[in-house]
Amino acid sequence: EWFPSYMVKMVSNVSDYYEHFQTGKCNVLAGISLDISKERLIAATNNVTYHSTYNVSELKISRQVSAFVTRENDQQWSDFVKWNLQAMFVAEERNITKTNAEEIGTTDVFGPQYENTFINFIRAVGNYGTVKKDTNINAFHNSKLMELNDGSSGLIYYLPFGEDIAEVGPSPNPESTMYSITTKRKNLRCGVPTMVESEDWRNLGKEYCKAVAGSLFGRNTTNKIEFINFTTEEDGFTKLDNMEVDLLVGSRVTLRADVKEASTQKGFSFSLPYFYTNPKEDGNFTHGESIALVTREDDSQWSDFVFWIVSATFYAEEKQITKEKSEDMPIVNLFSTQYGTMFQDAISIVGHYGEMFHRSVTVTREKRNMLNENPFSPQINAMYLD
């Protein structure tokens with residue numbers, strides 16, 4: 001995609017990789033940031049001259065990301081790991097270090113035994129910036145994506161689909177939400193907030209309901225969506241917990257709602273955020289909300305399905321795949337061949353993220369609601385621990 005095949009010289013081992021560059025057989029190295037860093041090349045070739053003649057491009061030809069991985073059937077542990085990592089981001093933003101770790105605060109969502117989990121975590125390793133410095137990761141992987149976003153640049157970023165999405169995955173379980181929607185009821189029930197302050201979140205969220213319905217039913221979604229209003233966040237979570245709706249739109253991503261929502265005393269699953277509110281002063285810190293789709297935590301296949309539909313709309317915009325070009329979206333059989341065209345069908349109904357935003361949101365699209373495109377800007381979003 002980036003270089004014609006006649007320009008590419010494949011090598012069989014790392015030694016040849018560096019030797020070809022040092023002797024001039026190749027004049028460009030392509031690889032992971034760690035391998036093509038100045039420090040790694042100098043160490044491999046014992047040649048210090050690369051300090052002045054060797055440059056690493058700011059453009060990335062891969063968007064691979066790294067993350068913790070936990071088992072999907074242990075949601076409490078997954079949440080515990082996820083929010084301790086978030087605590088590191090918040091700590092960096094608030095200049096909280098090992099020495100003043102108590103300023104990160106306590107939490108009751110994991111039970112009294114772990115009320116000091118964030119304090120203990122920061123006291124042990126420091127904040128995110130400290131960990132990067134201690135591990136010297138920036139010397140090998142100096143990516144803007146690894147920096148905290150201050151609210152001035154885009155956070156709309158699609159995650160890589162991987163190379164095996166055409167492989168056939170399991171069909172929906174007969175007890176699952178997907179099976180109930182497509183086989184029993186044959187319609188999607190979408191919970192929509194009626195609160196005045198959420199108008200833009202609501203309208204864009206309804207676009208996502210249409211996208212999900214398209215992925216489930218194909219390109220004819222007539223009479224396939226039922227919008228059910230809720231008047232407070234608690235009302236919405238109760239309806240979702242009682243299975244009166246299949247998903248919620250326009251919901252704020254918070255620690256408590258993710259782990260132990262107040263009205264239901266249960267946790268829920270959130271998609272990638274699809275809308276960010278403008279940061280507001282919160283004491284000495286700016287505080288913007290991250291808005292996402294919500295599903296029940298006990299139906300991981302359905303949660304995954306919704307999550308990747310959101311990411312697909314980001315992908316479509318970056319690749320400039322409009323409603324008219326929806327066939328350019330990849331085939332994905334991981335939810336069985338029944339949903340192989342799920343991405344194509346979603347985009348054929350609503351278009352890419354930019355098209356959806358333009359149709360449904362009244363505020364100017366700017367800052368965090370912009371694409372985070374190559375060359376990338378900071379992607380670390382510190383979501384507050386409330």
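Quick note: residue numbers are just sequence positions, from 1.
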N/O donor to acceptor pairs below 3.5 angstrom from side-chain atoms of residues 204-213, sequence neighbours left out:
from, atom 1, to, atom 2, distance (Å)
Glu207, OE1, Arg359, NE, 3.2
Glu207, OE1, Arg359, NH2, 2.3
Glu207, OE2, Lys210, NZ, 3.4
Tyr208, OH, Thr313, OG1, 2.7

Electrostatic pair [X]:[Y] at N-O distance under 4.0 angstrom:
X: Glu226; Y: Arg189; answer: no
X: Lys82; Y: Asp79; answer: no
X: Glu199; Y: Arg202; answer: no
X: Asp108; Y: Arg256; answer: yes
X: Glu317; Y: Arg365; answer: yes
X: Glu327; Y: Arg219; answer: yes

Compare all side-chain heavy atoms of [X] with those of [Y] and state whether any distance is below 4.5 angstrom.
X: Lys25; Y: Lys9; result: no
X: Met243; Y: Arg296; result: yes
X: Asn84; Y: Phe118; result: yes
X: Pro273; Y: Ile291; result: no
X: Asn333; Y: Glu167; result: no
X: Val125; Y: Thr130; result: no

Tyr128/Val90 under side-chain contact (heavy atoms from CB on, under 4.5 Å): CA gap, chis, key distance, verdict
CA-CA 8 Å; Tyr128 181 63; Val90 173; over 6 Å; no
Give the ring-plane orientation class for Phe357 versus Phe275, where under 30° counts as parallel, over 60° as perpendicular and anything between as tilted.
parallel
Using 30° and 60° as the class limits, which term best fits the ring planes of Phe161 and Tyr315: parallel, tilted or perpendicular?
tilted
Might you confirm whether atom NZ of Lys239 has over 12 heavy atoms from other residues, nucleotides or ligands at distances under 6.0 Å?
yes
Take a 6.0 Å sphere around CD of Gln76 and say whether it holds more than 12 heavy atoms from other residues, nucleotides or ligands.
no
Kindly write out the residues that satisfy ring pair (Phe, Tyr, Trp, His ring centres under 6.0 Å) with Tyr114, not counting sequence neighbours, or none if the list is empty.
Phe80
Less than 6.0 angstrom separating the ring centers of Phe376 and Tyr157, yes or no?
yes
Any side-chain donor near an acceptor of the partner, [X] and [Y], under 3.5 Å:
X: Thr177; Y: Asp246; answer: no
X: Thr362; Y: Asp200; answer: yes
X: Thr364; Y: Glu366; answer: no

Check step by step if side-chain contact (heavy atoms from CB on, under 4.5 Å) holds for Phe305 and Met178.
CA-CA 9 Å; Phe305 189 91; Met178 288 177 66; 3.6 Å; yes
Closest heavy-atom pair and its distance - [X], [Y]:
X: Lys260; Y: Gln265; answer: CE-OE1, 2.8 Å
X: Asn187; Y: Arg185; answer: O-NH1, 2.9 Å
X: Val350; Y: Glu355; answer: O-CB, 4.1 Å
X: Asp304; Y: Glu72; answer: OD2-OE2, 2.7 Å

Applying salt bridge (charged side-chain N to carboxylate O under 4.0 Å, His left out) to Glu102 and not counting sequence neighbours gives Arg123
Pair Ser176, Asp299 - check side-chain hydrogen bond (donor to acceptor under 3.5 Å, both in side chains), show working.
CA-CA 7 Å; Ser176 71; Asp299 192 344; 4.9 Å; no
Once you round to the nearest 0.5 Å, how far does CD of Glu261 lie from CG of Leu255?
12.0 Å
